[in-house]
Amino acid sequence: MDSGDTAWLLISAALVLLMTPGLALFYGGMVRSKSVLNMMMMCFGAIGVVGVLWLIYGYSIAYGDSLGYLLGDPGEFFGLSGLMGPDSAGEYALEGTVPASVDVAFQAMFAVITVALIAGAIADRARYGAWLLFAAVWATLVYFPVAHWVWGGGWVEEIGTVDFAGGTAVHINSGAAALALAVVLGRRKGWLKEPMKPHNLPLVMLGAALLWFGWFGFNAGSAYAADGVAGIATVNTFGATAAAMLGWLLIERIRDGHPTSLGAASGIVAGLVGITPAAAHVDVWGGLAIGFVAGILCALAVGLKYKLGYDDSLDVVGIHMVGGLVGTAMIGLVATEAIDGENNGLFYGGGIELFGLQLVGAIGVMIYSFVLALIIGFAIQKTIGFRVSEDVEVGGIDENEHAEVGYEFGPSGSRRVAAATSAGAGAGPKTEGSKA
Amino acid sequence: MKLITAIIKPFTLEDVRSALERLGVLGMTVTEVQGYGRQKGHTEVYRGAEYAVDFVSKMRIEVVTEDSTAERVIEAITNAAHTGKIGDGKVWASPVDTVVRVRTGERGTDAL
């Protein structure tokens, strides 16, 4: 065990966890004020559901002994058996140079945010219980196995697709599922007719800042060591992201006439997504190029939904799927042996083979995630129902699904109603003489 | 008595308020409002999606005053809110029958 590596991974786990509340702010500011809490709650809900499942069997499906390169043995580490306590000799199980428990915690945060990312596609209109059910089933059938494909010894890793920190496993995966759910739930009422503007751009900027901050844990933590590889990943996570923000703003300046704060925040996220799979495989030129291209292509891609007619409300497809594809594919062009010691992309004399492998891994994950999300989504829609009623959607999902409102400006004309359920609190008629 | 209502540009509010104070106007009610006249709205762009915002943010000031000072109040507001650019606003006066001060029950000009 290496204490420096362990310390860095422990911190990285906390950094990556913070990304999901950061995402909640990023998404929450982009919806209308009547649904800000629901949007944030969908993200927080993913922490609850996916976090618990990860500890019970998710880690084992991702990192257990490979069953046909498709998934890990769910029984091997069920309930983290054998990973937590010291053995009879007092030794803790290791994953590389860090305790296995630290690996479990670090990777848990990836599972959580991958699911939370999907929520942006179905803003304002999903029943909360149905969303949590989707989160549980999709994590079980898609994220945990795909994490195994990419990092746990599954087929994507075996054929040689390079994904340093989650371009395929996290971003293409969540983006494809988001597209499927946008199709399952359909467009919001009034889409393209009523204004659906972001209600709080400072929240979006704060969310982007927290995402960037946490992403240093996401990418540099994926080095699994406090070393030079983590350093490369840190520089690229900074540089590519800065370049992506510039790329997005450049497109806006040319196309719309104004560089916007939403564009800056979106460009930041597009750059972070793009550099994720490549963070420790490219030099500074490769990193800047990936970021700049991701910023430009994502800025163009977010307009596609209007042409194609699907309401991916917060552009999960345009940013995470497209950004993930850009980063994953460009590894095939700009990866360099000088940085990672094994891969050369097309522009560094490595031929076209790596580029092809990148596409195979990316497309495989994309199709699997899209199809499974479509099936799970329709199954939920046909049984318990996925979408809220029109009244709930128009009146505001916060008020109807959560019995709260995000903001109270001025007097609201509300009064306290005696609580029937809290014994002793109100001493109203209903609580008098009540027994447990 | 007269109710003077003025729709003005928000950034002129403090000038208008202090001008009325100098005239001896002892109170006013101010509301944030939206609307349009000859000045039209603006355009906003979010991730490339353009929105036309038709209503312009304005402040509405309401002052109840004696008939004899109404003209001077209108003049003070007009001068203070004037920039010469489109969208400076409007001022109008309407007759008021009764005013009651809630605390004391005083009526008419005593209640102003």
Side-chain angles (χ1 to χ4, degrees), chain A residues 26-27 29-32 120 188 190-201 204 208 248-270 295-307 311-319 322 409-410, chain B residues 3-14 16-17 20-21 25-64 81 83 85-87 89 99-105 111:
Chain A
F26 180 71
Y27 279 174
M30 264 190 274
V31 297
R32 290 168 290 176
R188 284 171 292 177
W191 191 58
L192 298 185
K193 297 189 191 81
E194 294 165 21
M196 294 184 178
K197 303 190 294 181
H199 87 284
N200 189 334
L201 287 171
V204 175
W248 191 299
L249 292 178
L250 180 69
I251 291 294
E252 286 196 330
R253 181 69 184 82
I254 295 168
R255 184 186 58 191
D256 312 322
H258 303 277
T260 69
S261 62
L262 181 60
S266 309
I268 285 168
V269 175
I296 286 172
L297 290 184
C298 291
L300 296 171
V302 293
L304 285 175
K305 65 181 180 185
Y306 300 115
K307 294 202 172 69
D311 182 8
D312 169 17
S313 312
L314 308 183
D315 299 305
V316 188
V317 179
I319 294 182
V322 172
F409 301 113
Chain B
L3 167 65
I4 313 290
T5 307
I7 306 292
I8 59 168
K9 286 182 169 164
F11 66 87
T12 64
L13 176 64
E14 183 48 31
V16 171
R17 194 201 62 77
L20 291 176
E21 194 175 38
V25 173
L26 295 172
M28 66 188 71
T29 304
V30 169
T31 327
E32 291 179 41
V33 293
Q34 297 189 311
Y36 62 86
R38 289 190 191 163
Q39 183 192 17
K40 299 304 176 198
H42 62 280
T43 304
E44 295 176 10
V45 190
Y46 300 99
R47 282 184 177 165
E50 269 191 41
Y51 294 91
V53 181
D54 294 323
F55 292 123
V56 184
S57 289
K58 297 286 168 185
M59 299 298 282
R60 180 169 66 193
I61 305 176
E62 287 163 307
V63 176
V64 182
T83 68
K85 298 207 178 77
I86 201 161
V99 176
V100 181
R101 188 189 306 282
V102 173
R103 175 169 55 87
T104 59

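These numbers were taken from a predicted model, which means no experiment stands behind them. For the numbers below, each heavy atom of this structure counts, side chains included, while hydrogens, waters and symmetry mates do not. Each chain gets a letter, A, B and so on, in the order its sequence line appears, and its residues count up from 1.
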Could you tell me which non-hydrogen atom of B:Arg47 sits nearest to which non-hydrogen atom of A:Arg255, and how far apart they are? C-NH2, 4.1 Å
Using non-hydrogen atoms only, which part of A:Ile319 is less than 4.5 Å away from chain B: side chain, backbone, both, or neither? side chain
Only one of A:Val302, A:Thr260, A:Leu201 clears side-chain contact (heavy atoms from CB on, under 4.5 Å) with B:Tyr46; which? A:Leu201
Taking atom CZ of A:Arg253 as the centre, report whether more than 12 heavy atoms of other residues, nucleotides or ligands fall under 6.0 Å from it. no
Any residue of residues 26-37 of chain B which, by heavy atoms, sits under 4.5 Å from chain A: none
Flag if over 12 foreign heavy atoms under 6.0 Å of NE2, A:His258: no
For chain A, which residues of residues 48-57 of chain B have at least one non-hydrogen atom nearer than 4.5 Å to it? B:Gly48, B:Ala49, B:Tyr51, B:Val53
Side chain, backbone, both or neither of A:Met30 within contact of chain B (heavy atoms, under 4.5 Å): side chain
